[in-house]
Structures are given as C-alpha cells and as structure tokens.
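Read the structure below first, then the notes.
Throughout, residue positions are numbered sequentially from 1 according to the sequence presented. Predicted model, so just to flag it, every value in this text is computed and none were measured. All ligand and atom numbering here is 1-based and tracks the order in the structure.
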Amino acid sequence: MRLKEKTVVITGGAKGIGAVAASLFGKNGAQIAIVDFDKKAGEEKAQQLHEKGIEAAFFQADVSNSENVREMAVKVIEQFGKVDILINNAGITRDAMLLKLDVDDFKRVIDVNLTGVFNCTQAFLPAMLAQGKGKIINTSSIAGTGGNIGQTNYSAAKAGIIGMTRTWAKEFGRKGINVNAVAPGFIETDMIETIPEKILEQIKTMTPYNRLGTPEDVANAYLFLASDESDFVNGTVLEVDGGMLK
Ligand code: NAP
C-alpha cells in the first residue's frame with residue numbers, strides 16, 4: 001500500500017495508460033479522481049474501480065479549457081477534501097509532416113498537451129502548497145526528448161512539458177512539492193493504433209527487448225514518482241522506452 005489514503009488526480013484517466021495507472025494507484029490504497037474528456041469511458045472506469053472496493057469518482061473536463069479545469073478542481077477538492085498527487089497524463093496526437101501540418105492541428109495539440117498541463121497544475125497547486133507536500137507527474141514522450149518525424153506539434157508540446165517540469169521543480173521544491181516527468185516510448189494504447197503494423201515491427205527492434213511498452217510499464221513509473229520513495233527525486237525526466245536508440 002504505497003499510496004495509503006492519498007488522493008490522486010489522473011487526467012486522461014478513462015483510457016490507455018491513465019486507466020491502468022488508476023487501477024494500480026487504487027490497488028496501492030489511493031482514492032482516485034479520474035479526469036477525462038470521454039464521459040462514458042470515465043464513468044465506466046470509476047464504476048470498475050468501485051467494484052474493486054476502490055474510492056473513485058469521474059470528473060469530466062477538457063484540460064485545454066482553463067475555466068473547465070478550475071471548476072473541475074473545485075469539485076475534486078469538495079469531494080475528496082485534498083489532492084496529494086496530480087498526474088498530468090491526458091494527451092492527443094494530430095500527426096502530419098511539417099508542410100502538411102494544419103495550423104489548427106498544431107494549436108490543438110499544444111492546447112491539450114502543453115496548456116492542459118499548465119491549466120491543471122495551476123488549478124491543483126494551491127491545495128498542495130497549503131498542505132506543504134505534493135507530487136506532480138507530467139507525461140512527456142521520447143518525441144519531446146528526441147523529436148519524431150511527423151510530430152512537430154506533439155514534439156513541441158512534449159519538449160515544453162520538460163521545460164515546465166524543471167521550472168516548477170525549482171519553483172516549488174522548497175515548498176515540499178516534487179515535480180517530475182515520464183517520457184514513454186511506444187506504448188500499446190489507442191494512441192498508436194494508426195501506426196502501420198510493419199512500422200511497429202521495426203520499432204520493436206529498436207529496443208533490446210524486441211517489444212512495445214505496455215501501459216503497466218508507464219503506470220509503474222508513475223507509481224514510483226507518486227510514492228514517498230521518490231521524495232528526493234525532483235525535476236527529472238524518467239524515460240520508459242526500453243532503452244530505445246541508446
Ligand atoms: P489514449 O489511450 O489516447 O488515452 C488518452 C486519454 O486522454 C483518452 O481517454 C482521451 O479522451 C483523454 N483526453 C484527450 N484529450 C483530452 C482533453 N482535452 N481533456 C481531457 N482528457 C483528454 O492515450 P495514452 O496512450 O494512454 O497516452 C497517455 C499519455 O501518454 C499522453 O500524454 C500521451 O501523449 C503519452 N504518451 C503515449 C505514448 C504511446 O505510445 N501511447 C507514448 C509517449 C507518450 P478521448 O479519447 O475522448 O480523446
């Protein structure tokens with residue numbers, strides 16, 4: 001029970017990595033606030049957690065909308081009374097090579113993946129500062145650390161997340177808040193379902209394990225950064241990519 005009585009907010013918690021993290025955190029004793037755009041999947045996930053005896057609730061919000069996020073944060077704190085851990089996990093892709101990249105797709109990816117992290121952190125940070133302790137985990141990507149063909153918008157957002165993570169680590173570390181990022185490689189979720197099978201096979205060969213990552217691989221990294229075991233880890237980017245290309 002590494003997170004006994006902790007309240008965790010997971011954005012994008014209805015599906016993919018966020019949903020697996022919600023179950024893992026629940027198993028480790030946490031109460032879970034699932035924040036997502038997808039109401040149906042979010043409610044189903046909360047119900048699934050309840051059935052396993054985990055305290056959980058779903059809050060619908062678009063993380064790119066600051067007003068929406070502020071209202072959601074008030075409701076989360078009303079329901080759980082506090083927030084100990086924020087996982088800024090919600091993200092989208094709108095891929096295209098630079099010359100074909102529509103400016104609206106550029107902006108939407110920045111709005112969700114980068115401004116969304118800013119909005120949620122601004123909304124929940126005051127509660128953590130009042131407690132004098134908190135953990136913030138931001139989801140970057142290997143596209144943010146190394147760039148990726150066809151992902152100008154996504155790479156920019158994910159690199160920006162690393163900048164914000166390191167800045168906030170310095171701003172709030174002395175106030176008891178740890179801020180870290182996780183940079184996953186290619187992980188088996190809906191997000192990569194548009195990648196052709198042939199390319200996925202090539203990607204697998206880029207790790208010594210000859211496989212893609214699983215949502216569990218990333219959720220376990222979140223768990224470490226959310227637990228007291230990482231109290232002296234601040235401003236780091238934990239790569240969960242099976243050692244790709246290194
Ligand atoms: P996923 O399976 O697509 O799940 C993402 C969840 O976030 C979905 O439920 C989605 O809802 C929700 N979401 C999207 N936009 C939102 C918004 N504006 N407000 C609130 N919720 C929103 O993705 P995933 O693969 O689990 O990815 C989780 C995180 O890991 C993302 O930040 C992603 O960039 C990052 N990551 C993933 C990989 C990978 O290979 N899968 C690699 C590196 C990094 P809708 O379905 O309704 O949009």
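- Ser230 and Asn178 get closest at one heavy-atom pair: O-ND2, 3.3 Å.
- Counting heavy-atom neighbours within 6.0 Å of Lys204 NZ, excluding the residue itself, gives a total above 12.
- Heavy-atom proximity to Asp38, at under 4.0 Å, picks out these atoms of ligand 1: 47 (O).
- Distance from atom 19 (N) of ligand 1 to its nearest protein heavy atom, with residue and atom name: Val63 N, 3.0 Å.
- Residue contacts with ligand 1: Lys158 is placed with a nitrogen or oxygen under 3.5 Å of a nitrogen or oxygen of the ligand (distance criterion only).
- Of all the listed residues (Val117, Asp62, Ile34, Asp241), Asp62 holds the heavy atom that lies closest to atom 18 (N) of ligand 1.
- Here Ile136 contributes atom CD1 and Ile177 contributes atom CD1; the two are 6.0 Å apart, rounded to the nearest 0.5 Å.
- Protein heavy atom in closest approach to atom 36 (N) of ligand 1: Tyr154 OH, 3.4 Å.
- Protein heavy atom closest to atom 16 (C) of ligand 1, with residue, atom name and distance, is Phe37 CB, 4.0 Å.
- At least one N or O atom of Ile17 sits closer than 3.5 Å to an N or O atom of ligand 1.
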> Run the side chain to side chain contact (heavy atoms under 4.5 Å, CB included) check on Asn113 and Lys158 step by step: do they pass?
Replying inline: CA-CA 7 Å; Asn113 294 15; Lys158 295 299 189 182; 3.9 Å; yes

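- Of the N or O atoms in Asn89, one or more lie within a sub-3.5 Å distance of an N or O in ligand 1.
- Asp36 OD2, 3.7 Å is the protein heavy atom nearest to atom 8 (C) of ligand 1.
- Close contacts of ligand 1 with Ser141, meaning ligand atoms under 4.0 Å from a residue heavy atom, involve 43 (C), 44 (C).
- Interatomic distance, OG of Ser141 versus CD1 of Ile161, reported as 9.0 Å (0.5 Å rounding).
- Note: no N/O pair closer than 3.5 Å links Val112 and ligand 1 by distance alone.
- When only non-hydrogen protein atoms are considered, atom 37 (C) of ligand 1 lies nearest to Met191 SD, 3.7 Å.
- Exactly one residue among Gln131, Lys6, Lys133 makes a side-chain hydrogen bond (donor to acceptor under 3.5 Å, both in side chains) with Asp84. That residue is Gln131.
- Some N or O of Thr189 is nearer than 3.5 Å to an N or O of ligand 1, by distance alone.
- Other residues, nucleotides and ligands place no more than 12 heavy atoms under 6.0 Å from the NZ atom of Lys75.
- At under 3.5 Å, a nitrogen or oxygen of Ile187, whether backbone or side chain, sits near a nitrogen or oxygen of ligand 1.
- Residues Met164 and Phe118 meet the side-chain proximity criterion, which asks for heavy atoms closer than 4.5 Å.
- Residue Ser140 places a heavy atom less than 4.0 Å from ligand 1.
- Among all protein heavy atoms, the one lying closest to atom 5 (C) of ligand 1 is Gly91 O, 4.0 Å.
- Atom CD of Gln79 has more than 12 heavy atoms from other residues, nucleotides or ligands within 6.0 Å.
- Heavy atoms of Ile192 come nearer than 4.0 angstrom to ligand 1 in at least one pair.
- Heavy atoms only, all atoms of each residue included: Ala14 and Asp38 are closest at CB-O, 4.2 Å.
- Closest to atom 35 (C) of ligand 1, if we only count protein heavy atoms, is Thr139 CG2, 3.6 Å.
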> How far apart are the C-alpha atoms of Asp62 and Arg108, what are their side-chain angles, what is the distance that settles it, and do they pass the salt bridge (charged side-chain N to carboxylate O under 4.0 Å, His left out) test?
Replying inline: CA-CA 12 Å; Asp62 175 352; Arg108 184 65 189 150; 3.3 Å; yes

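- Atom 7 (O) of ligand 1 has Gly12 CA, 3.3 Å as its closest protein atom, hydrogens excluded (heavy atom only).
- In terms of modelled atom types and a separation under 3.5 Å, the side chain of Thr207 and the main chain of Tyr209 share a donor-acceptor contact.
- Just one of Thr165, Asn180, Asn89 meets the side-chain hydrogen bond (donor to acceptor under 3.5 Å, both in side chains) condition when paired with Asn138; it is Thr165.
- Annotation for ligand 1: atoms under 4.0 Å from non-hydrogen atoms of Phe186 are 40 (O).
- Considering backbone and side-chain N/O atoms, Lys15 comes within less than 3.5 Å of an N/O atom of ligand 1.
- Two residues are said to be in side-chain contact when any heavy atoms from C-beta on lie closer than 4.5 Å; Ile32 and Ile34 meet this criterion.
- Between Gly185, Gly116, Gly16, it is Gly185 that holds the heavy atom closest to atom 38 (C) of ligand 1.
- The closest approach between any non-hydrogen atom of Ala61 and ligand 1 is below 4.0 Å.
- Every N/O-N/O distance between Ile92 and ligand 1 stays at or above 3.5 Å.
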